[in-house]
Peer 1: 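The structure that follows is given in the form of C-alpha cells.
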Amino acid sequence: DIIKKIMKKKLFFIKIIVFYLFLNATVIAKESNYFNEGMKYFKKKQFEKSKILFERDLVFNPKSENAYFYLAKIYGQNNNIEEEEFNLNNVLLLNQKNDEAIYILVLLKIKQSDYNQAKELINTLDLVCKSFCSKKSELEEKLKNLTPENAKNIN
C-alpha cells in the first residue's frame, strides 16, 4: 500500500514536470516569433524596429542565420561597415554556403580595397554558388579594378 502511494506521487510529480516543460516550450516558441515580426518591418523599410526584433530573435535563437543576415543588410543600409561585416561573418559561421552573404561580403571587401580577402571570397563563391553564380563576372571585374597595380588609383 505504501509503495503504491509513493509510486502515484512520483507519477503525479513527473506529470507536473512534463506539463511545465510543455508550457515553457510553448512560451519560448511564441517569443521566437521575433524574426517574422522583424521581417514585416524590414519589408516596410522600418529598419530600426526590425533591427530590434532581429536582435531579440538572436537572444532566443543564437544560431539564427537569417536574423544575422538581415541585421547585416540593415547595417549596410546605415553604412555601418563594421557591424555589417560582423553579422555577415556570423552568417558564414553558421552556413558557409550562403552565397548571398558571400556576395555582399565580397562587395564590402572590394569597397574596403581588401584585394586578397575579396579574391578568396570570390573563389569560395565559385565553390558554393547557387543563385549568385551570374554575379561572379561582375565581382571579378570589380576585383580587377582593385588589383594591387590599380589599387593606388582608387579613391
Peer 1: Looking only at heavy atoms, which two atoms of E84 and Y75 are closest? And how far apart?
Peer 2: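 In terms of heavy atoms, the two residues are closest at N-CB, 3.6 Å.
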
Peer 1: Do you reckon V91 sits in the same ILVMFWY cluster as I81, going by side-chain contacts under 4.5 Å, direct or chained?
Peer 2: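 Yes; tracing contacts between hydrophobic side chains, which count when under 4.5 Å, links both residues.
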
Peer 1: Is any side-chain heavy atom of K51 less than 4.5 Å from a side-chain heavy atom of Y70?
Peer 2: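 They are not in side-chain contact.
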
Peer 1: Answer yes or no: are there more than 12 heavy-atom neighbours, outside L11 itself, under 6.0 Å from its atom CG?
Peer 2: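 Result for CG/L11: enclosed.
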
Peer 1: Under 6.0 Å between ring centres: does that hold for F47 and F42?
Peer 2: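 Ring centres of F42 and F47 closer than 6.0 Å.
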
Peer 1: Hey, could you give me the CG/CD distance between L53 and E55, rounded to the nearest 0.5 Å?
Peer 2: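 That separation rounds to 9.5 Å.
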
Peer 1: Could you tell me whether E85 and K111 make a salt bridge, using a distance below 4.0 angstrom between a side-chain N and a carboxylate O?
Peer 2: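 Salt bridge between E85 and K111, a charged N being under 4.0 Å from a carboxylate O: no.
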
Peer 1: Please assess F54 against L58 for the test side chain to side chain contact (heavy atoms under 4.5 Å, CB included), listing each intermediate value before the final yes or no.
Peer 2: CA-CA 6 Å; F54 292 143; L58 288 171; 5.8 Å; no

Peer 1: For atom CD of Q96, decide whether the heavy atoms of other residues, nucleotides or ligands shown that lie under 6.0 angstrom number more than 12.
Peer 2: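 Check fails, neighbour count at 12 or below.
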
Peer 1: What distance do I122 atom CD1 and K109 atom NZ have between them, rounded to the nearest 0.5 Å?
Peer 2: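 One finds 13.0 Å between CD1 of I122 and NZ of K109.
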
Peer 1: Nearest 0.5 Å please: distance from the CG atom of N33 over to the CZ atom of F60.
Peer 2: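 Atom-to-atom, N33:CG and F60:CZ are 11.5 Å apart.
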
Peer 1: Are F35 and I52 connected in a single hydrophobic cluster, I mean Ile/Leu/Val/Met/Phe/Trp/Tyr linked by side-chain heavy atoms less than 4.5 Å apart?
Peer 2: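 Different hydrophobic clusters.
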
Peer 1: Please find the pair of heavy atoms, one from A67 and one from D57, that lie closest to each other, and give the distance.
Peer 2: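 For A67 versus D57, the nearest heavy atoms are CB-OD2, 3.6 Å.
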
Peer 1: Compare every heavy atom of I74 with every heavy atom of S50, then report the nearest pair and how far apart it is.
Peer 2: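 Smallest heavy-atom distance, with atoms named: OG-CD1, 3.3 Å.
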
Peer 1: When you look at L71 and F86, which way does the side chain to side chain contact (heavy atoms under 4.5 Å, CB included) test go after all the steps?
Peer 2: CA-CA 10 Å; L71 280 171; F86 172 79; over 6 Å; no

Peer 1: How many angstroms lie between atom CG of L93 and atom NZ of K63, to the nearest 0.5 angstrom?
Peer 2: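 So the gap between those two atoms works out to 11.5 Å.
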
Peer 1: Would a 4.5 Å heavy-atom cut-off, applied to side chains only, mark L108 and D114 as touching?
Peer 2: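 In short, these two side chains do not touch, never coming nearer than 4.5 Å.
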
Peer 1: Rounded at 0.5 Å granularity, tell me how far CD in E100 sits from CG in L88.
Peer 2: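 Here the rounded value is 9.5 Å.
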
Peer 1: What pair of heavy atoms forms the shortest contact from I102 to L121, and how long is it?
Peer 2: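 Nearest heavy atoms, I102 then L121: CG2-O, 3.5 Å.
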
Peer 1: I104 and K73: which non-hydrogen atoms are nearest, and at how many Å?
Peer 2: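 Of all heavy-atom pairs spanning I104 and K73, the closest is CD1-CE, 4.3 Å.
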
Peer 1: Checking N89 against L105 for the side chain to side chain contact (heavy atoms under 4.5 Å, CB included) test, could you report, in this order, the C-alpha distance in whole Å, the side-chain angles of both residues, the deciding distance, and whether it holds?
Peer 2: CA-CA 8 Å; N89 284 326; L105 195 55; 3.5 Å; yes

Peer 1: What distance separates K10 NZ from F13 CZ, expressed to the nearest 0.5 Å?
Peer 2: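 Here the rounded value is 11.0 Å.
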
Peer 1: Over all heavy atoms of both residues, which pair between L94 and P62 is shortest? Give the atoms and the distance, please.
Peer 2: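 In terms of heavy atoms, the two residues are closest at CD1-O, 4.5 Å.
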
